[in-house]
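Within every chain, numbering begins at 1; the chains are lettered A, B, ... in the order of the sequence lines, protein sequences first and strands thereafter.
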2 protein chains.
Amino acid sequence: MAAKKDPAAKRRPTERDGDISWQAQKSAMTRDRILDAAINCFIELGYTNVTTAKVAQSAGVSRGAMLHHFPSKTELIQAAVEYLHDKLLEDYTRRIGEIPASLTGAARRRAGIRAYWDYLNGDLFTVYNELSFASRTDPELRAILESSQQVFEQHVLECNGTLFTEWLATGDRFLLAMDVSRFMMEGMASSRLMTDREARVERLIDYLCDRLEEIFKEGGSTAIGRHSST
Amino acid sequence: MAAKKDPAAKRRPTERDGDISWQAQKSAMTRDRILDAAINCFIELGYTNVTTAKVAQSAGVSRGAMLHHFPSKTELIQAAVEYLHDKLLEDYTRRIGEIPASLTGAARRRAGIRAYWDYLNGDLFTVYNELSFASRTDPELRAILESSQQVFEQHVLECNGTLFTEWLATGDRFLLAMDVSRFMMEGMASSRLMTDREARVERLIDYLCDRLEEIFKEGGSTAIGRHSST
DNA sequence: AATTAAAAACCGACCTGACTGATTAAATCA
DNA sequence: TGATTTAATCAGTCAGGTCGGTTTTTAATT
């Protein structure tokens, strides 16, 4: 649970490691250790149950040491949320990037859907979702999230655009497909305590994939033309 | 904000009001006042920011009085969640019930989707959603919600069944349609801070309604048969 | 019907425990 | 040595829960 003292993280780096002083490196390391610990606490305890003491303990530093790096809890949370945001982007990009290039067409799209589903069920997204809910009654948190929200949405759009170039060209349909996929899967991911979850999810993913293929099949279904604003 | 003392709620009833003693009535009234106040606090402050003092103040009761009715915060929360559960059921049933009988066929189904959308955007569901998230790291809350979850799902199923009898007969397709609608709309409802929300929602609801009609059009699309397990 | 005692509902001061933020001393590195 | 990082401790705040006492309702008794 609490990685008390990770010796590897505390090893002494070379005297002159690229013009950065040993102190600065050490400082940056403990800073990252604290932020990692904060994310971990978010996962294990939930956002509202996180205290500065628990984060410090989990990071293996004293509260005083932490207060040196983050003078107040608010600043710690802010830094942790930005850190989480970066990790989320990286997580999503990595999952998409791991789709083998050999997959093409419908199989590739399906793999993308599956990757997104796995991403949604990961700890990082769970925490992010929790933060989103908490932000409803927490103006400070809301301000942080709103800015990162747009950056993230934009990044996902670009990420998907480079992956599915054949879809990007369809413009409006591309956005519809993204929205349908996103909300349906996010809805499923949020409902963690439904009965017979696995079977229903598999079935819905099948259904979703079929709909996506349908959307991009030009003139496929009579009902689709209506939803293209062009 | 805080309905300090609602005189109407404190009026003295007739001496013998249906074999229930005045004391019991008074007790039940303040109990309900407290529970209403608790729900209100959930809405205004968020689950995690609710304190017993705030609930008592909002209900216009002293802390001591509240402790008399609910000896601990846990018991208060339990009662409030059950109370919320009842109100949710009533809210949903009412919204569906308000659909004019003159509407039939696709128009009726569309009205049902719209009613569900309004329901999802109401305060009550927002609070329920928040509780669901909080329950991830709160075993007590989780236990309460898990039991009410099943009751609720079952009730919605029956409610929709009586409304859309022509769908119920289709068995498996009915469940698919319910899941697709539910998760897609819940996903949309959860994403409160997306850009250009209204337009995207309208479009997705249009799309969803078309898909539902398609699902129940026997042999409509080639892709649907796969998802019927019969 | 009036009196009175018991019970229920209600009130608010107090206690405990946890969390945050500040201050001081010690240890470590330049 | 001087400066920076870490450790330990303290005070202030606020939460939930306890407890003695007060008022209101009920029931028993005369």
Side-chain angles (χ1 to χ4, degrees), chain A residues 4-5 9-17 19-34 37-38 41 45-80 138 140, chain B residues 4-6 9-17 19-35 37-38 41 45-80 134 138 140-141:
Chain A
K4 278 296 166 109
K5 302 248 180 186
K10 277 208 155 185
R11 71 166 168 69
R12 169 155 191 154
T14 57
E15 289 297 335
R16 300 212 62 75
D17 204 343
D19 266 6
I20 301 168
S21 72
W22 154 236
Q23 264 194 5
Q25 282 184 55
K26 191 180 169 191
S27 179
M29 278 199 305
T30 60
R31 201 186 135 92
D32 275 8
R33 279 234 313 282
I34 291 171
C41 286
L45 308 170
Y47 170 66
T48 55
N49 299 324
V50 168
T51 66
T52 55
K54 299 224 181 89
V55 173
Q57 187 191 357
S58 175
V61 297
S62 73
R63 283 194 58 242
M66 196 173 71
L67 235 49
H68 173 74
H69 290 278
F70 303 99
S72 74
K73 186 180 184 180
T74 301
E75 296 180 53
L76 170 64
I77 299 292
Q78 281 184 356
D138 187 334
E140 275 184 350
Chain B
K4 277 298 166 103
K5 303 248 181 185
D6 187 0
K10 279 210 156 183
R11 71 164 169 68
R12 171 152 192 154
T14 57
E15 288 298 334
R16 300 215 64 76
D17 204 341
D19 267 6
I20 301 165
S21 74
W22 158 236
Q23 245 188 16
Q25 284 185 54
K26 189 181 171 190
S27 179
M29 277 198 305
T30 60
R31 204 185 130 93
D32 276 7
R33 281 235 311 284
I34 292 171
L35 292 179
C41 286
L45 308 171
Y47 170 68
T48 54
N49 299 324
V50 168
T51 66
T52 57
K54 291 198 182 127
V55 173
Q57 187 191 359
S58 174
V61 183
S62 73
R63 268 173 44 78
M66 198 174 70
L67 266 313
H68 173 75
H69 290 278
F70 304 99
S72 73
K73 185 179 185 179
T74 300
E75 294 180 55
L76 170 63
I77 298 292
Q78 280 185 357
D138 187 333
E140 275 184 351
L141 188 56

Practice task
Could you tell me whether a side-chain N or O of Asn49(B) sits under 3.5 Å from a main-chain N or O of Leu45(B), the two making a donor and an acceptor?
Solution key: yes

Exercise for the section: Go along nucleotides 9-15 of chain D 5' to 3' and tag each nucleotide: B for a protein heavy atom under 4.0 Å from its base, S when only backbone or sugar atoms are that close, - otherwise. Expected result: ------S

Completion exercise
Between Lys73(A) and Val50(A), the two heavy atoms sitting closest are NZ-O, 3.1 Å

Handout entry: Whole-Å distance separating the CZ atom of Arg31(B) from the P atom of dC10(C)
Key = 12 Å

Fill in the blank from the handout: Taken to the nearest whole Å, CG/Leu67(B) to C1'/dG16(D) is 8 Å

Fill in the blank from the handout: side-chain contact (heavy atoms from CB on, under 4.5 Å) filter on Leu76(B), not counting sequence neighbours, yields Ile34(B), Leu35(B), Val55(B), Met66(B), Phe70(B)

Practice task
Please report the closest heavy-atom contact between Ala38(A) and Ala80(A), naming both atoms and the distance.
Solution key: CB-CB, 4.0 Å

Exercise for the section: For Val61(B) and Ala65(B), work out which heavy atoms get closest and say how close. Expected result: CG1-CB, 3.0 Å

Practice task
Could you grab the distance from atom CD of Glu140(B) to atom CD of Gln78(B), nearest 0.5 Å is fine?
Solution key: 6.5 Å

Fill in the blank from the handout: With five pairs defining each end axis, the helix from dA1(C)-dT30(D) to dA30(C)-dT1(D) comes out bent, to 10°, by 10°

Completion exercise
Rounded to whole Å, CD1 of Ile34(A) lies from P of dT6(D) at a distance of 8 Å

Problem - side-chain N/O His68(B) vs dC10(C) OP1/OP2, d < 4.0 Å - result: no

Exercise for the section: Find the distance Met66(A):CE to dA7(D):P and express it as a whole number of Å. Expected result: 12 Å

Completion exercise
Closest non-hydrogen contact found for Ser58(B) with Cys41(B) is CB-SG, 4.0 Å

Handout entry: Nucleotide of dT5(D), dC10(C), dA22(C) approaching Thr30(B) most closely (side-chain heavy atoms)
Key = dC10(C)

Problem - Side chains of Tyr47(A) and Thr48(B) in contact at under 4.5 Å (non-hydrogen atoms) - result: no

Exercise for the section: Using atom CG of Leu45(A) as one end and atom P of dA18(C) as the other, report the distance to the nearest whole Å. Expected result: 15 Å

Practice task
Rounded off to whole Å, could you give me the CZ-to-P distance for the Phe70(A) and dA22(C) pair?
Solution key: 16 Å

Handout entry: Per His69(B) side chain, nearest of listed nucleotides dA7(D), dA9(C), dC11(C)
Key = dA9(C)

